[in-house]
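Only a predicted model underlies this, so the values are computations on that prediction, with no experimental measurement involved.
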Amino acid sequence: MQAGATTQGSSDKSVVSPPPSSPPTPQCIGIPCEVFPGEKRVATVPEVVEKLIKLGFKVAVESGAGDLANCTDEAYRAAGAEVVDTAAALWAAADIVFKVRGPTPEEVALMHEGQNLISFIWPAQNPDLMQLLAAKKVTVLAIDALPRTLSRAQKMDALTSQAGVAGYRAVIEAANAFGRFFSGQITAAGKVPPAKVFIAGAGVAGLAAIGTAASLGAIVRANDTRAEVADQVVSLGGEFVKVDYEEEGSGGGGYAKVMSEGFQQAQRVMYAKQAKDVDIIITTALIPGRPAPKLITAEMVQSMKPGSVIVDMAAEQGGNCELTEPGQAVVKHGVTIVGYTDLVSRLSRQSSTLYGTNLFRLTEELCKTKDGIVNVNMEDDAIRGLTVIKEGSITWPPPAPKVAAAPPAAAKPTAAPVAKKAHGHGEPSAPMPAGKLVMMFAVVAVLFWLIGHSAPKEFMSHFTVFVLACFVGYMVVWNVKPALHTPLMSVTNAISSIIAIGALVQISPLMDAAERPNSLITWIAAVAIALTAINMFGGFAVTQRMLAMFRK
């Protein structure tokens, strides 16, 4: 029977079932080769490809894209990616393109309308590239434009992950160019002093350099215009060197700001002093959209000891040292000045893995349905900040992130009146009259006198120790909040001391010649002393272990 025909006994109207809706076609993520000279990174690695496929995407990789990062075509195939022979075929097949460096004009020519590009773009520094991309009617997400002040954006922060790699590699390059050990050593041939390292700038790269240099055994000093990073420097084993000038250096988005001329003059004086004393200087100072500030002058280089090293991490933006030659390692005035611009690429596998993970986390935000289709939600502050071009329209710079309104302060609950004990016919109890209080103390005093008069003479001394023990126990344990009981393990040694003293008091009279030294009381007191000693030493041992948890 044909579909839609009427059946016997049914109504004259035929019922036609709607055709089942086909699932959306998954989008393809393309990974092209990086064509920038000296760039060894790749936008994703085989381990991340597997995760992207689980999100529903197809992945295509240009043949040889990961060779310089130790990622072979076979590894990509094993992870489920398709390996494409040519760049033209890759760009044509990809709905979404992951890149490290921004595309060249030749690569932009290979793009097609509706395509999505995710890479470093630096829109403020590349207006011509922005116009070329907009003309192609594509959507561009600049990973460098991520709003870093959003806590949920940290997992996508490729600037931070790559800066950490660069800071680590800067110390390795310094160690390679330096002629001595980093750590101090005493050998049969003599004593080797530790290297002194000064790091200008304690951002992400600077902190990574501080931790690496300190772990190698060097004496590390650091400076930054932002005073709040001083604790971070110290926590990594460095010493924070403060500029003798009061000015706040924090800028927007977690970056430093341009300081006043007065601060810069005081900073130069401090740098000149450090240059004469240290063996290695690593500079990391950069402000987005501006040339690198000149921190190390030619005179400072000349004042450094022969064999010293400067690693200028800002060489790609002109360098923090006046004598830096970008891309080169040169020796001037006996000082090796390393101006490599590819520090991150020198650890290509590690940096590619971190960068690929950042892009995967971003893809999770773009494809929350896990159906292989991205949704560039411009209502999301993080996605809006990243999106510099939306379907051919330039949307950069983004508006200021929305600040969530502070919740209204909850009204403080009115304190409930303290219930007082009833006295008599439901009336609150009144303070005890003075005469009655005196009478009660007099009765208690008389009872104590009667007990003491008729009891053995040893009773009063024992009773006094008992009362004092109750008082001490109440003040030490009972009168302390439960939240503070754990730190009281060491304080309870005071109670153990009272027990030990009491046991000694019991032993001493029984050791006279008239008494038997092996009496029952003597042995009980001896056991009490032994157990108390164990408790006291154990308490101090546990306390030491607890305190060690809070020490580095």
Side-chain angles (χ1 to χ4, degrees), residues 27-36 39 41 43-44 52 55 57 59-60 62 87-88 90-150 152-153 156-159 162 252-253 255 288-290 355-356 358-368 372-402:
Q27 292 180 315
C28 177
I29 296 175
I31 314 295
C33 292
E34 296 296 327
V35 298
F36 188 86
E39 182 58 72
R41 290 174 290 176
T44 197
L52 292 171
L55 284 180
F57 293 96
V59 180
E62 183 180 352
L90 187 282
W91 285 89
D95 302 297
I96 308 159
V97 176
F98 285 0
K99 273 186 60 61
V100 179
R101 299 272 185 169
T104 64
E106 293 76 16
E107 289 177 316
V108 174
L110 296 175
M111 300 185 70
H112 56 80
E113 183 177 347
Q115 205 166 33
N116 297 279
L117 171 66
I118 304 176
S119 74
F120 284 101
I121 297 294
W122 303 106
Q125 292 86 350
N126 298 294
D128 294 339
L129 175 61
M130 292 284 288
Q131 294 297 330
L132 288 174
L133 290 168
K136 282 288 186 176
K137 297 186 178 344
V138 297
T139 298
V140 180
L141 279 71
I143 198 69
D144 49 89
L146 180 75
R148 303 174 78 186
T149 54
L150 298 177
R152 57 179 286 266
M156 303 178 277
D157 191 357
L159 282 173
Q162 303 303 288
Y255 296 98
R290 295 177 179 268
Y355 183 67
N358 294 141
L359 295 191
F360 167 70
R361 297 303 181 190
L362 172 57
T363 308
E364 283 185 318
E365 294 295 318
L366 294 171
C367 182
K368 294 184 177 180
I373 305 294
V374 297
N375 175 29
V376 182
N377 181 12
M378 299 296 274
E379 298 298 321
D380 187 312
D381 283 343
I383 303 303
R384 176 63 186 87
L386 284 167
T387 307
V388 296
I389 299 176
K390 180 71 183 322
E391 298 175 354
S393 300
I394 295 178
T395 59
W396 187 88
K402 300 175 185 177

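- Val388 and Ala142 get closest at one heavy-atom pair: CG1-CB, 3.8 Å.
- Closest approach of Pro147 and Gly385 over heavy atoms only: CG-CA, 3.9 Å.
- When all heavy atoms are compared, the tightest approach of Ser119 to Gly102 is OG-CA, 4.0 Å.
- Note that CE of Met378 and OG1 of Thr139 are 8.5 Å apart. Values are rounded to the nearest 0.5 Å.
- Residues Asn358 and Arg361 form no side-chain contact, since every pair of their non-hydrogen atoms from C-beta on lies 4.5 Å or further apart.
- Interatomic distance, Leu55 CG to Ile373 CD1, rounded to the nearest 0.5 Å: 12.0 Å.
- The structure places NZ of Lys99 at 10.5 Å from CZ of Phe36, a figure rounded to the nearest 0.5 Å.
- With rounding to the nearest 0.5 angstrom, the CD1 atom of Ile29 is 9.5 Å from the CG atom of Asp95.
- Between Leu117 and Ile389 there is no side-chain heavy-atom pair separated by less than 4.5 Å.
- For the pair Val59 and Leu52, the minimum side-chain heavy-atom distance is below 4.5 Å.
- The backbone N or O of Ala94 sits less than 3.5 Å from a side-chain atom of His112, completing a donor-acceptor pair.
- The closest side-chain heavy-atom distance from Leu133 to Pro103 is below 4.5 Å.
- In summary, the aromatic rings of Phe360 and Phe57 are positioned with their centroids too far apart to meet the 6.0 Å limit.
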Walk me through whether Leu359 and Thr44 qualify under side-chain contact (heavy atoms from CB on, under 4.5 Å). CA-CA 8 Å; Leu359 295 191; Thr44 197; over 6 Å; no
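- At most 12 non-hydrogen atoms from other residues, nucleotides or ligands lie less than 6.0 angstrom from NZ of Lys137.
- Taking CE from Met156 and CG from Leu366, the interatomic distance works out to 8.5 Å, rounded to the nearest 0.5 Å.
- Across all non-hydrogen atoms, the minimal contact from Glu62 to Pro32 is OE1-CA, 3.5 Å.
- Here the closest heavy-atom approach between residue Ala60 and residue Leu90 is recorded as O-CD2, 3.5 Å.
- At least one side-chain heavy atom of Ile121 sits under 4.5 Å from a side-chain heavy atom of Asp144.
- Side chain of Glu365 to backbone of Leu362: no donor-acceptor contact under 3.5 angstrom is found.
- Note that SG of Cys33 and CD of Glu39 are 12.0 Å apart. Values are rounded to the nearest 0.5 Å.
- A salt bridge is absent between Arg384 and Glu379: the closest approach of a Lys/Arg side-chain nitrogen to an acidic carboxylate oxygen does not fall below 4.0 angstrom.
- Put simply, the side chain of Gln115 gets close to the backbone of Trp91: a donor and an acceptor are under 3.5 Å apart.
- Annotation: side chain of Val140 is not in contact with side chain of Met130 (no heavy-atom distance under 4.5 Å).
- In this structure, the side chains of Met111 and Val97 stay at 4.5 Å or more apart for every pair of heavy atoms.
- The closest side-chain heavy-atom distance from Phe120 to Tyr355 is below 4.5 Å.
- Residues passing the side chain to side chain donor-acceptor pair (under 3.5 Å) test with Asn116, sequence neighbours excluded: none.
- Contact between Leu146 and Ala382 at its shortest, heavy atoms only, is CD1-O, 4.5 Å.
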Could you check Arg41 against Arg101 for side-chain contact (heavy atoms from CB on, under 4.5 Å), going step by step and ending with a plain yes or no? CA-CA 9 Å; Arg41 290 174 290 176; Arg101 299 272 185 169; 4.1 Å; yes
When you look at Asn377 and Lys368, which way does the side-chain contact (heavy atoms from CB on, under 4.5 Å) test go after all the steps? CA-CA 11 Å; Asn377 181 12; Lys368 294 184 177 180; over 6 Å; no
